2 protein chains.
Amino acid sequence: MSVTHTEVSKTDGCAIREVLDRVGDKWSVLIVVLLGHRTHRFNELHRSIEGISQRMLTLTLRTLERDGLVKRTVHASVPPRVDYELTELGRTLLVPVQALDDWARAHRDDIRTARVTHDARVS
Amino acid sequence: MSVTHTEVSKTDGCAIREVLDRVGDKWSVLIVVLLGHRTHRFNELHRSIEGISQRMLTLTLRTLERDGLVKRTVHASVPPRVDYELTELGRTLLVPVQALDDWARAHRDDIRTARVTHDARVS
DNA sequence: CGGCATCCTAGGTGATACTG
DNA sequence: CAGTATCACCTAGGATGCCG
């Protein structure tokens, strides 16, 4: 482990919180993962992400674009066509996100089991 | 990439959302990281994590315990002493969390720059 | 020391309707 | 197709006070 001190200092310990503040919301990582596969159009994302509202998709994409993780390309055509893709920075984020995803798949059952066990003991 | 399809299915695509639903909150990862260093007492955590309320520390620890990520040990003494430490499962989570932390430290400036640039262009 | 109970607010999110 | 605008809600989280 690179961090050896105990306190959560402003300059170091909160780095991970900074990421989570941006990507820890309800939809960002989902979008990043999807765009990790390939470029998507707006409605492709809308259809692929079950449960997202048009509003939240727009807002989340705007934030990701602002943070330099996603690139938005408008094609001047009728009907309009807008493509979204990961930037270079966005692709680097895919690595740790994938690591977290792998952990999730490997241990989701462990958590579920722990819950059931714990809840049974408390009852 | 292990996932080759595009849709976010219930069985696969939401695994990462499951993790974020649990540790994507404001304090969980911070606690996990601190406990990754060593066992902490309640008030040690309270002092180490700047800005956390007693209420949220308790609630977060309870959830982490319930999910099998943290082990809580009560020592029958006066005054009472309660130790918190990572479980085996909790320690495995430390790996991807650390990966995310590394990414954060490496790219926080990239995001900040992207923001400034983007905001300047919009203005 | 290590909590829990209560109250309360801010903002993240959803639903719906409208537009270039 | 790809948004924007408005409203309304709900809950994560903070503040405070009491307890074993």
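As the structure is a prediction and not an experimental result, all values here were calculated from the model. Chain identifiers are assigned alphabetically (A, B, ...) following the order of the sequence lines, protein sequences preceding nucleic acid strands; residue numbering begins at 1 within each chain.
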Reading 5' to 3' through nucleotides 13-20 of chain C, protein heavy-atom contacts under 4.0 Å coded B for base, S for sugar-phosphate only, - for none: BBB----B
Exercise: do Ser28(B) and Asp25(B) side chains pair donor with acceptor under 3.5 Å: yes
Residue pair His75(B) / Asp83(B), side-chain donor-acceptor N/O under 3.5 Å: yes
Distance, rounded to the nearest Å, where His75(A) contributes NE2 and dA2(D) contributes C1': 13 Å
Length of the line joining Phe42(B):CZ and dC4(C):C1', which is rounded to integer Å: 10 Å
Side chain proximity check, Arg66(A) to Asp119(B), heavy atoms < 4.5 angstrom: yes
Atom pair distance, as rounded to whole Å: NE2 in His40(B) and P in dG3(C): 15 Å
dG3(D) phosphate, OP1 or OP2, under 4.0 Å from Tyr84(A) side-chain N/O: yes
Interatomic distance, Asp83(B) CG vs dG2(C) C1' [rounded to whole Å]: 12 Å
Minimum-distance nucleotide (side-chain atoms of Arg62(B) versus dG3(C), dC1(C), dG3(D)): dG3(C)
Distance in angstrom units between Leu57(A) CG and dT4(D) P, rounded: 11 Å
Salt bridge flag under 4.0 Å for residues Glu18(B) and Arg105(A): no
Residue pair Ile52(A) / Leu30(A), side-chain heavy-atom distance below 4.5 Å: no
Between dG12(C) (C1') and Asp21(B) (CG): distance, integer Å: 14 Å
Whole-Å gap separating P (dA12(D)) and CG (Leu20(B)): 15 Å
Distance (rounded to the nearest 0.5 Å) between Leu61(B) CG and Phe42(B) CZ: 6.5 Å
Side-chain N,O (Arg47(B)) to OP1/OP2 (dC1(C)) below 4.0 Å: no
OP1 or OP2 of dA2(D) under 4.0 Å from side-chain N/O of Arg41(A): yes
Name of the residue among Arg112(A), Arg115(A), Arg108(A) meeting salt bridge (Lys or Arg N to Asp or Glu O under 4.0 Å) with Asp67(B): Arg115(A)
For atom CD of Glu44(B) and atom P of dC1(C), their distance in whole Å: 12 Å
